[in-house]
Amino acid sequence: MKKISAKAMPRDEFVKICYETVNKELKPQYVNDMKRLGLSCDFNLFYDTINEHSQRISQRSFIELYEKGLEYRKDAPTMWCPKCETGISQVECEDKELDSFFNDIVFKVDGEELIIATTRPELLPACVAVFYHPDDARYQKYKGKMAKVPLFDFEVPIMPDPRADPEKGTGIVMCCTFGDQTDMEWQKAHDLPIKLAISTDGKMTKLAGKYEGMSIQTARKMIIEDMKDQRLLLSQEPIKHAVNVHERCGTEIEFMKAKQWFISYLDKKEDMLKWGAELNWYPKHMKSRYDHWVKGLAWDWMISRQRFFGVPFPVWYCKECDEVILADKKKLPVDPIKDKAPLAKCPKCGCTEFVPEKDVMDTWATSSLTPQIAAELIPDKAIQKKIYPMSLRPQAHDIITFWLFNTVVKSRLHNGINPWADVMIAGHAQDPHGKKMSKSKGNVVEPQVMIDKYSADSLRFWAAGSKLGDDLPFQEKDLVTGEKFITKIWNASKFAFMHLEDYDLKKPKHLEPIDGWIISKLNKIIKTSTEAFNSYEYSKTKQDVENFFWHDFCDNYLEIVKDRLYNPDLRGKDARISGQYGLYHSLLSIIKLMAPIMPYITEELYQLFFKEKEKAESVHIASWPKEVKIDQETEKIGDLIVYAVSTSRRAKSEKNLSLKTELKALVIRGKIELAEFELARGDIISAARALSVEYQKLDEKSEADFEHEIVF
RNA sequence: GGGCUCAUAGUCUAGCGGCUAUGACGCCACCUCGACAAGGUGGAGGUCCCCGGUUCGAAUCCGGGUGGGCCCACCA
């Protein structure tokens with residue numbers, strides 16, 4: 001926060017401060033944040049929407065669309081903050097509940113009283129008409145008549161219009177050209193005169209007569225007082241109503257008239273729907289937001305803003321005839337305020353003086369070009385072609401209607417193609433109560449603080465925890481889960497590496513059933529995870545891998561394979577190699593599957609051990625694990641081992657005994673053949689700590705798959 | 001007011017026609033098992049928001065409510 005006002009200095013100076021803030025403070029901070037978050041980018045290449053490169057492309061876009069006849073400039077109402085004295089866009093507004101009064105004031109028709117309710121009596125001098133609903137019987141008699149405006153004593157027509165709500169106030173409404181959105185629609189629809197009662201600095205204009213120069217609030221008060229005195233104000237009803245205020249200063253916004261630039265696209269709604277349908281939406285339902293937005297479009301795209309900082313329009317106007325003079329496309333970017341127009345005289349009238357366009361483009365006019373801006377960072381045209389159109393736009397759902405939509409529009413208008421194939425729409429982190437985080441509510445959690453306190457991996461682990469597109473409430477305690485996962489995978493890897501020191505990557509002559517079991521289960525996880533990632537369902541991958549790692553791999557597999565790894569003399573060398581094989585491949589795959597979600601810990605483990613055995617320098621460029629085959633028979637034997645182990649654990653736990661307590665005898669019944677059981681016997685004895693293990697085959701028709709008896 | 005979406009243990013979440021409803025945090029009991037007590041084993045805790053309907057069978061599908069979220073519109 002610089003706490004400076006653009007009004008207090010020349011534009012040059014203000015813009016310079018903006019540049020310096022962006023380049024020296026914000027950009028390094030953002031880049032640092034992205035690196036810490038673990039974003040994998042080429043940080044030598046970046047754009048911001050205000051640097052020369054982006055300005056050039058943005059201005060070129062403006063010129064090209066103008067040449068295609070897709071842009072025009074005309075008078076239009078614009079939202080205006082009288083305090084900041086600037087035009088503002090809709091995104092800069094917010095709703096605020098304010099106390100106000102419905103004032104019943106007296107208009108006169110042929111000497112008779114006509115009562116109209118208004119919250120804004122100060123706009124009376126700008127009154128241009130009075131409306132009632134065409135079906136409202138009460139007011140039919142006024143059709144075609146004139147109403148005399150109180151205090152100001154001029155007459156305005158009384159007309160029917162369906163936008164007048166019979167239920168509101170007295171059911172009859174006054175229209176002041178720049179009162180609100182509806183007032184402006186009326187102005188357009190009935191071709192009413194344009195009257196401005198308020199100037200750009202929020203003061204009453206000379207239209208207001210004796211109230212000229214007063215602030216809006218003072219004028220409102222004075223007019224109410226005067227009407228009371230003259231018995232023109234019948235009553236005041238206090239109401240609460242929502243008004244649009246400028247989010248920075250909380251000032252009620254006004255509407256002003258100004259010349260604005262538009263991109264003409266309202267006639268392309270059908271095409272827009274087709275363009276949207278050609279995108280692959282993840283998740284699918286997000287497309288409706290796009291469709292709904294397109295169907296509801298009512299205006300062309302206004303791209304000009306009356307602000308100081310932004311991409312300038314590459315435009316001058318002839319001082320005499322207002323002819324548009326465009327910049328030379330080869331000399332972009334230009335700032336018309338500083339630079340000279342490319343012509344000596346106006347081609348239309350010959351005038352030699354030009355007026356620079358002072359407005360700047362709305363930020364979305366430039367942000368909508370991000371695919372082109374990014375692609376053109378690389379000079380090689382062949383590579384540019386590879387990059388644009390792009391494969392994916394990742395973004396959140398709140399800006400589908402502007403960032404996503406506008407980008408599609410620009411790409412189509414310029415090149416006739418969609419900017420990307422897929423769009424992945426994520427949800428938002430919310431506060432612990434499911435509310436949107438916002439500075440004004442004071443419920444914002446800074447990711448950097450959480451990364452400092454926990455880690456980027458934990459934060460990412462948490463963020464990957466909800467379904468794509470769903471919002472996710474943030475609670476700090478949820479980051480503990482990620483921390484625990486990191487510790488667990490560190491410890492499990494430490495154990496694995498210890499036993500893999502002498503492993504030469506060879507396949508064992510005979511694969512023990514539990515080793516085949518973990519590999520087969522692993523293959524299932526690889527399959528589902530790969531499918532999930534391909535449709536951007538990262539939360540499914542996260543959950544599958546988490547469960548597989550923690551329960552199948554750590555709780556069961558490691559405990560069972562341990563004995564063979566520690567005691568090659570007792571269990572045989574090849575039994576140990578079989579364990580090493582299962583251990584190596586399952587852990588490596590877990591690390592690879594988890595790498596996109598927890599890039600730091602997985603890379604650390606890869607560097608510590610796997611790098612010298614595998615070809616790739618980093619886990620993040622290593623080949624994605626391939627599924628081999630799922631072995632149902634081996635899985636059945638493995639399941640029986642796991643059953644035997646967990647059933648003995650439960651028995652010990654129920655007796656409050658240590659898990660290392662030895663069992664005198666363990667009887668297991670299952671559906672596998674005795675010969676198959678013999679392959680599993682060794683692992684069961686060691687993992688269950690049973691002195692003797694007996695197997696009995698269950699009848700195929702038996703309801704239970706497994707049974708057991710335990711003697712302590 | 002409109003669109004989309006969500007509702008599952010104290011909290012967060014998975015499942016989206018058929019197992020005893022998943023996992024995590026928290027809670028309780030027990031356990032120093034040669035990776036890990038930042039752990040292990042087990043346990044308690046749920047009218048799967050409400051009301052109807054379809055179905056042999058609904059947390060899951062359909063209709064109607066209620067509540068949350070985001071976006072849009074309104075705001076005389």
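The basis for the numbers below is simple: all heavy atoms, side chains too, and nothing from hydrogens, waters or symmetry mates. Note that the structure is a prediction, hence the values are computed from the model and not measured. To find a chain, count down the sequence lines: A is the first, B the second, and so on, and within it residues start at 1.
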Begin from the C-alpha positions of F706(A) and V642(A) and carry the test side-chain contact (heavy atoms from CB on, under 4.5 Å) through to its verdict.
CA-CA 11 Å; F706(A) 308 109; V642(A) 170; over 6 Å; no

K488(A) (side chain) and C36(B) (base): donor-acceptor pair under 3.5 Å:
yes

Nearest whole angstrom, please: distance from the P of C27(B) to the NZ of K477(A).
10 Å

Looking at the side chain of D471(A), which of C30(B), C70(B), A76(B) is the nearest nucleotide?
C70(B)

Residues K488(A) and E546(A) bridged, charged N to O under 4.0 Å
no

Look at all strands and tell whether D161(A) reaches a base, only sugar-phosphate, or nothing, counting heavy atoms closer than 4.0 Å.
nothing

Give none if U32(B) has no partner; otherwise give the nucleotide forming a Watson-Crick or G-U wobble pair with it, both distances under 3.5 Å.
none

Side chains of F178(A) and L196(A), heavy atoms from C-beta outward: is any pair under 4.5 Å?
yes

Less than 3.5 Å between a donor and an acceptor, one on the side chain of T487(A) and one on the base of A38(B), is that the case here?
yes

By the 4.0 Å heavy-atom rule, please label R289(A) as base, sugar-phosphate, or nothing.
base

Minimum-distance nucleotide to L659(A) side chain [options: U22(B), G69(B), U41(B)]
U41(B)

Considering every strand and a 4.0 Å limit on heavy-atom distances, what is the contact class for W490(A): base, sugar-phosphate, or nothing?
nothing

Among C31(B), C12(B), C16(B), find the nucleotide with the atom closest to the side chain of K467(A).
C16(B)

Over all strands shown, is T481(A) touching base, sugar-phosphate only, or nothing at heavy-atom distances under 4.0 angstrom?
sugar-phosphate

May I ask you to say whether K287(A) pairs ionically with D291(A), meaning some side-chain N is under 4.0 Å from a carboxylate O?
yes

